[in-house]
Amino acid sequence: MIALPSSLNANLVIGIALLVMLLVVAGAIVRTRSLLAAIILFSIYSLVSAVWLVVMDAADVAFTEAVIGAGVSTIVLLGAILLTRGEVEKPGWRALVAPALVCAGVGGLLIYAAAGLPALGDPASPANAHVGRAYLEAAPKEIGAPNIVTAVLASYRGFDTLGETAVIFAAGIGVALMLGFGPHASPLPPAATIGDHHVVLRVSAKFLIPLIALFALYVQFHGDLGAGGGFQAGVIMAAAIILHALVFGLRDTMMAVPPRLVRSIAALGVLLYAGVGVACMLNGGAFLDYDYLFPPAFEKQVPGWLLGDPEHAHHWGQHFGILLIELGVLLTVAATMLTIFYGFAGRTVEAIRQERGA
Amino acid sequence: MLLAAGAAGLLVAMTITIARAIMGPSHYDRILAVNSFGTKTVLLLSVIGFVFGRPAFLDIAIIYAPINFVTTIALMKFFRYRSLAQPLGLSAGEETLDD
Amino acid sequence: MSFILLHFNYVAVAILMMAGLFVVVSSSNLIKRMIGLAIFQTSTGLLYISLGKVSSGTAAITVDAASPEKQALANHLDPAYVAQYGVAGVVYSNPLPHVLILTAIVVGVATLAVGLAIAVRVREAFGSVEADEIEVLSRLESAQAGSQA
Amino acid sequence: MTDMLSLIGGVCVVAGTALSLIGAAGLLRFPDVYTRIHAASITDTGGASLVLLGLCLIAGLSLTALKLAFVWFSIMLTTPVAANALANAAFGSGHRPRIGAFQIMRTDERRKTSRGTEAP
């Protein structure tokens, strides 16, 4: 009989404390009538869940949640509130009793079912014992990337990720079609802000924006060694440009990063991703089988010192394949997030102008 | 042991900050609470990395500070100017409409 | 006691999920409903990640066999446990749920933006984001169209 | 030697956490936005510096220490600016400090109250 690690450890305690915090914040979101308070609390909710994800060993997911949940989705929600002018929810909900009963019933069933799930951290549970373990054992040999999450995401399940990238692209196009691409947006003069100079903010933003962009590139190229990858890097890159728009105005940002260019980049990312797959097919492999990314004749010409360890020579294609498709993901995600931001922020300007004109 | 105590203390501080975010009363108090909560999160992420023996996760803490900044600026701008699009810190007359 | 602690994650996920569902069903404000949907979606992610956790495991980023980090990770563990469930001397958590949820979060924010964009267009068409008022307005509109025909 | 450094580092982390707790208590108890900003800045400066310094001592000279320095740098760069912008926005939108010997008022208010009694 193998002794399992003691059940009451720091991991479990911190995890439960964070979950209780999550429950409290979620309860406050349900209760509050102010939509703005709900958005601010949702940002905290994302943060708490990001820390919880780190505790649960999901470093990559935590990275994504921290960047997206607390960063981009807050800004998108704020943009939506601006456009709908609905800062406070109308009092008097339609019905409270029937939904509460339904939710309590379903929740009770779910909790009842939870007793049948494997205990937290059970290493022998079906989910952990078979396919997860198989990836852990095979990935270092077959892919050669230390970050197994990236290996599974980009290589084993590369087709799935291509689909998700396409969904993100489609969502960006959908938002742009509904809200416009914001090409005519030009900022209004700020109303009565005499003497309201944000010098400190502007100077430090000038310093921060390149720093954030640089860190996005680090996350991108470090993705197969540590936590990170194209999804996270794309959002961070978009955040850098959004910061520019927030501080220096949307018009300046649109001159630096034109919406037309952003749209092209979003499409280019998906194209690059699919193109890598087609290149593998042309060289005799399956779709997105990076071992065939380079023609075999070409690989024979490569000098030995570039390939490194001859035993791992076939990882060469995998490394380049993962880098290329992560680049495609970066381009699509960053451009889509920017398109969404341009859509919401650009429409704000038009809505205000219409209101003032009317 | 000391690190675990530090993590616990930070968790308590985060709980208090959440209380301020829920109570308000003004939206500026809430923004302040989010900002302060973000800083504490960064610290907790750093400490947790050491408690669990994988300090490599500091990358999340590094990026979180600037992202927190972006969110705070967005919230602040929303409440102050009701717009995400206009530039900050220009006096009236410095900037005019194109058309 | 230990049974409750080890299943607390699932209970919390169920409550969070129902909180999200409650907001979606009972609130009439479209924006608030989107926030509820986002909470619902996050809770699904939490369930997946909970299932992928392995006791005393570490994140699925391979630790160099020679590094001092590996020694520290295996220090407090029963060697038999590591031999049974570890890979190359280190116990890792299951990476597969992480992959699924990572992409789901990014797709989630993109679809959230689509939902909010629809809410914005609804506001522009009806002048309101409250589902009740929209229902009344659209019924009025269709009644007018019917009387004209 | 390493143990000694780890011990000092741990003490630093706990001290920083204590400062964070004090800051959080201030955040909860102080009467208005400005005093709360002041309380929160204790976490941002003293708390963050001590915690990260302590972790640096534990990590020793390594890439991790460099990353910790970077975390410290970005916290030092962002949080004071955010606090400044926040106070600026709160003041601009009409919040006035509730305590203090000199109540800052709008110029028109000050003119109104000081009319006839004494020169402003």
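Every chain is numbered from 1 and lettered A, B, ... according to where its sequence line falls, protein lines coming before strand lines.
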Which atoms of [X] come close to chain D, meaning under 4.5 Å heavy atom to heavy atom: side chain ones, backbone ones, both, or neither?
| X | result |
| --- | --- |
| B:F79 | neither |
| B:L10 | both |
| B:V12 | both |
| B:M14 | neither |

Pick whichever of B:D59, B:T72, B:L43 has the most heavy-atom pairs under 4.5 Å with chain D.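 Sorted descending by pairs with chain D, the first entry is B:L43.
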
Do you know which of B:A5, B:A19, B:S26 has the most heavy-atom pairs under 4.5 Å to chain D?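 If we count pairs closer than 4.5 Å to chain D, B:S26 comes out on top.
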
Do the ring planes of D:F30 and D:H38 sit parallel (below 30°), tilted (30 to 60°) or perpendicular (above 60°)? parallel

Check each atom of [X] against the heavy atoms of chain B and say whether the ones under 4.5 Å are side chain, backbone, both or neither.
| X | result |
| --- | --- |
| D:A59 | both |
| D:L77 | neither |
| D:L68 | both |
| D:V33 | both |
| D:L28 | both |

Between B:R20 and B:D29, does the salt bridge (Lys or Arg N to Asp or Glu O under 4.0 Å) criterion hold? Intermediate values first, please. CA-CA 7 Å; B:R20 174 49 70 199; B:D29 291 301; 5.3 Å; no

Once you round to the nearest 0.5 Å, how far does [atom1] of [X] lie from [atom2] of [Y]?
| X | Y | atom1 | atom2 | answer |
| --- | --- | --- | --- | --- |
| B:K40 | B:I16 | NZ | CD1 | 8.0 Å |
| D:N84 | D:S41 | CG | OG | 12.0 Å |
| B:N68 | B:N35 | CG | CG | 5.0 Å |
| D:K67 | D:L52 | NZ | CG | 14.0 Å |
| D:C12 | D:L53 | SG | CG | 5.0 Å |

Hey, which of [options] has the most heavy atom pairs under 4.5 Å with chain B?
| options | answer |
| --- | --- |
| D:V81, D:L27, D:T64, D:V71 | D:L27 |
| D:V13, D:T78, D:T79 | D:T78 |
| D:L7, D:I37, D:L63, D:V11 | D:I37 |

Using a 4.5 Å cut-off on heavy atoms from C-beta on, say whether the side chain of D:W72 contacts that of B:V42. no

Are the side chains of D:V51 and D:L19 in contact, using a 4.5 Å heavy-atom criterion? no

